[in-house]
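As the structure is a prediction and not an experimental result, all values here were calculated from the model. Values below: every heavy atom of this structure, side chains too, minus hydrogens, waters and symmetry copies.
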Amino acid sequence: MFGKGFGDNPKYIALELMKNSKYEIVWLVNDLEDDSIPVGIRKVKYGSWKAYYELSTAKVWIDNARKSIATMNMNKKPSARFCCRLVSV
């Protein structure tokens, strides 16, 4: 199940990135009312068109979950970097 909340390694990476205000952080969630996501991180509904837009326009993905076939076949910007298994949405 994806979009389960704010946790694991991506949580701590996001918290560190929040210390530098030049980054916009987007978190894909199942529940937009999830209170565990800190203020300053924009929540987007997992699986929505907006989520696919965010993924396709992101400069960096920080993820620790496998992606569905639809996401993996999605065209990212050529400049986008994907950090997977090093550290989710």
Side-chain angles (χ1 to χ4, degrees):
M1 183 77 155
F2 302 107
K4 291 194 291 188
F6 191 62
D8 208 11
N9 289 336
K11 170 185 175 177
Y12 297 102
I13 293 170
L15 291 173
E16 283 299 312
L17 290 173
M18 287 178 69
K19 293 177 182 177
N20 185 336
S21 63
K22 74 176 186 177
Y23 299 111
E24 177 186 12
I25 301 172
V26 177
W27 203 272
L28 303 185
V29 295
N30 287 323
D31 179 9
L32 292 172
E33 303 301 318
D34 185 345
D35 292 336
S36 69
I37 313 293
V39 173
I41 295 179
R42 191 161 46 87
K43 296 180 277 188
V44 173
K45 179 77 173 162
Y46 182 84
S48 67
W49 287 110
K50 181 69 175 165
Y52 286 109
Y53 171 81
E54 295 295 344
L55 288 168
S56 67
T57 59
K59 291 183 181 178
V60 176
W61 290 1
I62 299 172
D63 197 326
N64 69 345
R66 292 183 185 181
K67 296 284 176 245
S68 70
I69 300 256
T71 305
M72 292 306 289
N73 289 332
M74 179 180 66
N75 291 327
K76 296 186 295 157
K77 292 189 315 187
S79 61
R81 301 291 179 250
F82 182 48
C83 300
C84 184
R85 298 287 176 213
L86 293 176
V87 278
S88 174
V89 179

Subject >> Sequence-distant partners of Lys45, side chain to side chain donor-acceptor pair (under 3.5 Å), two or more places apart >> reply: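 Lys45 satisfies side chain to side chain donor-acceptor pair (under 3.5 Å) with no other residue.
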**OP:** Mind checking side chain to side chain donor-acceptor pair (under 3.5 Å) for Lys22 and listing every partner two or more places apart, or none if nothing turns up?
**Re:**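 For Lys22, no residue satisfies side chain to side chain donor-acceptor pair (under 3.5 Å) once neighbours in sequence are set aside.
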Measure across [X] and [Y] and return the closest heavy-atom pair with its distance rounded to 0.1 Å.
X     : Y     : result
Tyr23 : Leu17 : CD1-O, 3.7 Å
Leu32 : Lys43 : O-NZ, 2.9 Å
Ala51 : Val44 : N-CG1, 3.5 Å
Ile41 : Val26 : CG2-C, 4.5 Å

Subject >> Separation of Lys11 NZ from Ile37 CD1 (nearest 0.5 Å) >> reply: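 Nearest 0.5 Å value for the CD1-NZ distance: 9.5 Å.
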Original post:
OH of Tyr46 to CG of Leu55: how many Å apart, nearest 0.5 Å?
Top reply: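 Going from the OH atom of Tyr46 to the CG atom of Leu55 covers 8.0 Å.
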Subject >> From Ile25, Val39, Ile13, residue fulfilling side-chain contact (heavy atoms from CB on, under 4.5 Å) relative to Met18 >> reply: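 For Met18, the side-chain contact (heavy atoms from CB on, under 4.5 Å) test succeeds with only one of Ile25, Val39, Ile13, which is Ile25.
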